[in-house]
Amino acid sequence: MTDVGPWLQRLAIFCTSAVIILAELALMRELALRFWDHLAWLAITIGLLGFGISGTVLVLVHTFLRVSRQTLQCFSLIGLGLSLPACVLLADTIDVNLIQMVWQPAMMWSVGVLEMILGIPFLFGGMFIGLALEDHPDRVGGHYAASFLGSGIGGIIAMPLMYLVSPRLLILLGGCTAFMVALLFVRRGIQTAGWIISIPILGLLLFITPHSPRISDEKDIVQIKAMANSKTMFSRYSPQGKIELAEAPAFHTAPGLALNYTQPIPQQTLILIDGQITDSIYTITSVDDFAFMDYTTMALPYAISHIERALIDHDAGAGQVGLAMRSGVKEITTVIANGALADLLAGEIPITGTFIYATGHVSLAPGTIRRELRKSSSPYPLIVLPTVGTDPAGLAATQPESRITLETLRLSFSHLARGGLLSISTAIHLPPRESLRLLNLLVEVLRESGLEPAAHLAMIRNWATVTIVAAESPLAAGQLAAIRAFCLKRGFDLVWLPDLKKDETNMFHLLESDGYYYGAKSLVGEDRNRFVDDYLYDLSIPDDNKPFFNHFSRWPKADEQLRQLGRYGQTYIELGSILLVAALGQALVLALLFIVLPIIPVIGLPGGPLQQVTVLGFFSSLGFGFMLLEMGLLQRLTVYLAHPVWASATVISAFMLFGGVGSSLSTMMHKWYAKMHVWIICTVMSVSVTLLLVIDTITSLSEGYGLTARIVVAYFIIAPLAMTMGMIFPIGLKRLGTAQPRLIPWAWSANGFASVLAALFAQVIAMRWGFNVVVWSAIGWYGLAALCSLNLPECRTIEG
Amino acid sequence: MSPIRCSFPIYTRITIAQIPLITLAIAFLQLLLGMTASASDFPQGFPEKEIRKMLATIQAYGMTDTTVLNAMQRVPRHAFVPEKYRKYSYQDSPLGIGYGQTISQPYIVAEMTWLLNLTPDSKVLEIGTGSGYQAAVLSEISSQVYSIEIVEPLLEQARKNLTAAGYTNIKVRLGDGYHGWPEAAPFSAIIVTCAAGHIPPPLLDQLARGGRMVIPVGKRFGTQYLILVTKQMDGTISSKNILPVRFVPLVRK
């Protein structure tokens with residue numbers, strides 16, 4: 001092995017850190033592709049767990065093996081290079097069925113096994129970085145900065161790369177890079193031979209290894225591919241998911257079509273994102289082929305008014321655009337959050353049916369409805385919001401849903417023209433949840449606008465869907481008559497009209513007890529607050545601070561909920577919440593077993609009790625504080641950037657990049673560590689509080705900007721915070737390294753343990769109390785760290 | 001100033017304190033490996049005890065129809081469950097059978113069968129054969145059972161399952177269930193196990209007057225509730241939600 005100089009060391013650290021972040025983001029995509037988005041966030045826990053365990057492994061390695069640091073670094077990089085492809089391939093063999101967990105809780109262990117396997121590359125990566133940080137204390141700041149900067153750059157380049165290659169290929173390429181970097185640590189002669197031999201071998205391995213994970217059997221694409229005469233016509237990777245277009249003649253969808261509609265519906269090309277059907281493109285020759293859409297509840301706004309201009313969120317379903325055209329709307333703007341999909345629909349792939357987007361009537365606007373409304377100056381006679389609540393199993397409970405928050409609906413309603421309509425649909429789920437929460441949101445928006453909700457709302461249902469329309473003006477008698485005629489002709493049930501009588505309800509699709517009608521009556525009336533407080537499900541209003549539209553469980557009342565639902569309760573368990581709590585419990589066990597416990601008998605706990613408590617308290621507080629702040633901002637900016645992948649890449653890379661700058665700055669400090677430390681921590685706390693006060697203003701002012709501009713704004717939001725946060729840890733290590741080096745393994749262990757738990761705790765806190773509380777709790781942890789830092793072992797060697 | 005290296009303390013021998021830790025680590029690894037192993041085979045022979053337990057669970061939901069319960073008692077569910085889930089065969093849960101499909105929760109099978117109001121003379125059409133289990137239960141009550149499956153490997157597996165379990169009177173075929181089985185129509189009962197957001201008009205057309213159609217709505221791997229569609233004698237169609245829960249009132253106490 002060769003002793004590399006500090007700059008070559010930093011180059012290796014930079015590349016490895018970039019590979020690690022690249023692999024983490026690619027893993028996030030890979031998990032979403034193989035399973036669902038709901039498992040993707042585990043990638044962060046997996047990475048942190050691997051890193052946490054690496055500290056422990058280093059302690060054990062140093063204890064039992066006498067090997068030079070360079071040899072170990074080389075070994076770690078080879079381990080990273082080999083384990084990246086090996087572990088993703090091995091993970092393919094682990095059978096995980098999340099839904100089955102309700103009945104077979106032991107299935108959660110499969111998730112645990114998956115986490116452990118996928119955590120191995122991060123373990124090797126963490127070992128390499130950890131070994132590098134064992135260098136001379138004066139170099140540690142520079143190494144730490146290289147690590148941060150590499151991670152930041154890795155996060156930045158991950159996004160464009162995800163347009164070009166599959167997540168799996170990105171992981172494999174990361175493995176190759178790590179392998180190449182390992183050659184920096186061998187003697188020059190071997191190095192050249194290594195390059196010559198490894199390049200063709202790695203190239204061959206890249207070629208023969210499957211570039212896609214084994215897709216879970218529960219995914220729609222598996223079923224579609226097995227259908228007779230089906231074929232995938234197109235597929236493309238993007239950071240927002242793998243887009244596939246598939247033809248499956250036997251697949252017919254027309255959500256909530258009236259039972260008395262007897263005509264055939266057009267053939268369709270299915271749009272799949274990450275293997276799940278998200279929409280269809282109907283094969284039509286004229287807009288009259290959309291006649292079937294007139295027999296869905298979504299046609300309600302066109303029965304109320306003649307509409308000339310509409311803004312439609314594409315996630316409301318492609319059929320909505322056809323319906324609008326067929327209903328005589330002359331000017332339609334449809335917003336699509338998925339830019340790659342927008343390109344396709346704009347005609348990149350010639351499919352019969354996409355021609356409607358090429359007519360002069362329709363304009364495609366990539367972005368979100370909020371961005372479009374911020375940009376737009378003229379009001380709309382009709383705004384159609386996305387169809388939500390299609391996940392009765394509750395897997396989406398933990399996913400922030402930025403499209404349906406109080407702020408989104410408030411903004412939409414304020415952009416309605418005189419007499420304009422705001423329409424939103426949802427799937428029927430019993431007991432009623434999504435539709436009542438939507439109604440409650442609209443009631444709130446109307447009340448905020450000083451209007452009487454009862455007079456402005458219409459709500460109907462059929463056997464599969466519910467549609468609610470909020471009108472800018474009170475619904476007139478003629479409009480009410482039109483709604484009644486519309487429903488009568490199609491066999492739809494009235495749920496709410498200002499003059500609705502009970503005997504007009506529950507006529508066509510019979511419910512044992514019409515919870516929709518009673519719920520609506522209570523929500524628009526004086527009983528609203530009591531009804532919301534007493535209802536079995538949480539109907540509280542989601543906002544940007546707590547945008548969990550699909551989270552309905554009342555956690556403190558879960559036992560009561562299950563008791564009331566009786567023996568059928570298990571089918572109504574909110575799987576997302578269960579998975580989160582299970583993951584938290586599992587992470588606690590794994591972190592204790594693999595991070596904390598192994599080092600107790602090996603090194604004991606050196607130092608006096610006060611010093612021990614101080615060091616453990618300081619580094620675990622930093623772990624909690626850092627991760628809570630990072631996760632809190634990640635969640636908050638998911639709403640702003642409109643997709644978790646954009647938010648993850650932006651927040652992680654910004655934290656790493658600016659944390660690296662802060663880390664570099666910390667190398668310049670040679671005196672006054674204790675005081676400086678406290679001041680820096682207090683600065684982090686002050687910047688966090690300021691951020692809480694201004695973030696809403698900044699994001700709402702810049703919401704109309706394009707994605708790139710919003711990412712830049714997000715960088716500016718994070719920069720001051722990350723820069724100061726990045727200084728704290730290396731100074732702490734420096735103080736400890738010179739005064740009490742035997743406590744360093746404990747510092748890593750405590751920090752790793754806290755980080756693993758904090759990543760999941762952040763989600764729990766956000767769902768229960770909102771993102772602001774996540775940030776406040778991070779501030780609390782930094783306060784504790786400030787107190788502990790006063791008693792950290794002093795850095796006498798350098799100061800003296 | 002001489003460079004100061006951070007180094008971890010070095011012990012070269014395993015101490016007594018480390019032994020329980022190593023034992024724990026080995027035990028944990030064994031646990032992990034054990035959990036990933038495939039499920040053990042179901043015991044050979046007709047599992048009467050397990051079936052009785054399953055029926056008791058279904059009865060506890062309030063399903064007491066003896067025709068349905070007897071039919072379910074005679075069908076060995078484990079013969080329709082993939083190897084890896086076989087030990088869960090008589091648990092009241094849906095189980096994956098591949099290709100995004102499930103064998104339904106036994107209670108749901110019982111409820112759907114009951115809702116069809118079958119007699120020995122009923123002619124039943126099933127859309128979505130899946131594993132063949134539901135068709136087997138239907139054929140225990142009705143003599144004429146038709147079943148359509150769109151996924152060829154599933155159909156082949158279902159054929160094998162049905163033959164192995166001794167069901168030879170069920171007509172199954174590969175095809176698009178959307179169009180029904182017009183040659184054999186009308187049907188006194190139709191059961192649709194793969195609804196995609198709407199009820200196919202051809203199926204409504206093939207439902208006999210006075211006939212019943214049952215559709216589970218919701219995600220295949222998630223909460224599903226049943227819808228009963230009835231064609232009245234005058235040809236009009238009505239629908240009704242059949243809640244698998246009896247939790248009125250909905251409000252918290």
Side-chain angles (χ1 to χ4, degrees), chain A residues 59 62-63 94 97 99 103-104 106 109 113 134 136-137 217-220 222-223 226-228 250-255 257 259-262 392-393 430-431 463-464 509-513 515 534-536 557 560 564-568 571-572 593 597-598 601 603 737-738 741-742 744-745 797, chain B residues 3-12 15 17-18 21 28 32 35-36 60-61 84 88 91 93 95-96 98-101 150-154 174 176 178 196-201 204-205 217-219 221-223 225 227 229 237-241 243-248 250-253:
Chain A
V59 172
H62 285 313
T63 306
I94 306 296
N97 183 339
I99 308 289
W103 291 277
Q104 286 116 31
W109 283 109
V113 173
E134 286 175 16
H136 188 286
D217 272 355
E218 289 75 50
K219 286 268 176 134
D220 291 339
V222 177
Q223 188 192 4
M227 282 181 172
F251 203 93
H252 318 262
T253 180
L257 188 67
L259 295 180
N260 57 7
Y261 185 79
T262 54
L430 293 166
W463 66 279
H509 182 66
L510 300 177
L511 301 177
E512 205 169 314
S513 165
D534 287 348
Y535 199 63
L536 193 64
K557 299 280 182 187
E560 193 180 323
Q564 285 208 34
L565 289 168
R567 297 200 55 167
Y568 305 88
T571 55
Y572 290 91
L593 272 177
L597 287 183
I603 60 168
T738 51
R742 291 184 65 202
I744 284 184
T797 315
Chain B
I4 300 163
R5 286 191 176 272
C6 300
S7 60
F8 298 122
I10 303 219
Y11 297 93
T12 49
T15 64
Q18 292 162 18
L21 179 77
F28 188 74
L32 291 183
M35 289 300 174
T36 57
Y61 286 112
K84 63 179 174 180
Y88 304 117
Q91 188 174 306
S93 73
L95 296 165
Y99 305 100
Q101 295 295 322
I150 183 73
V151 179
E152 192 166 3
L154 279 181
L174 184 71
D176 182 358
Y178 185 85
H198 77 289
I199 300 168
L204 289 168
D205 191 45
V217 175
K219 295 262 167 126
F221 287 88
T223 306
Y225 52 91
I227 286 186
V229 178
I237 290 165
S238 65
S239 59
K240 187 178 179 184
N241 251 94
L243 280 178
V245 286
R246 317 266 187 264
F247 51 84
V248 177
L250 273 175
V251 292
R252 298 183 296 139
K253 286 173 188 167

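By convention in this document, chain letters (A, B, ...) are assigned in the order of the sequence lines, proteins followed by strands, and residues within each chain are numbered from 1.
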### Query
Just wondering, do Ile199(B) and Trp463(A) contact through their side chains at under 4.5 Å, heavy atoms?
yes
#### Entry: Considering all heavy atoms, the nearest Gln223(A)-Val151(B) contact
O-CG2, 4.2 Å
### Query
For the residue pair Pro201(B) and Tyr261(A), what are the closest heavy atoms and their distance?
CG-O, 3.5 Å
### Query
For Ile150(B), is it the side chain, the backbone, both or neither that has a heavy atom under 4.5 Å from a heavy atom of chain A?
both
### Task
Give, for atom CG of Asn260(A) and atom OG of Ser238(B), the distance between the pair rounded to the nearest 0.5 Å.
12.0 Å
### Summary
Highest number of heavy-atom pairs under 4.5 Å with chain A among Ile227(B), Leu174(B), Asp176(B) belongs to Asp176(B)
### Query
What's the shortest heavy-atom distance between Pro153(B) and Ala226(A), and which atoms?
CD-O, 4.4 Å
### Summary
Residues Leu259(A) and Leu204(B): closest non-hydrogen pair is O-CD1, 3.3 Å
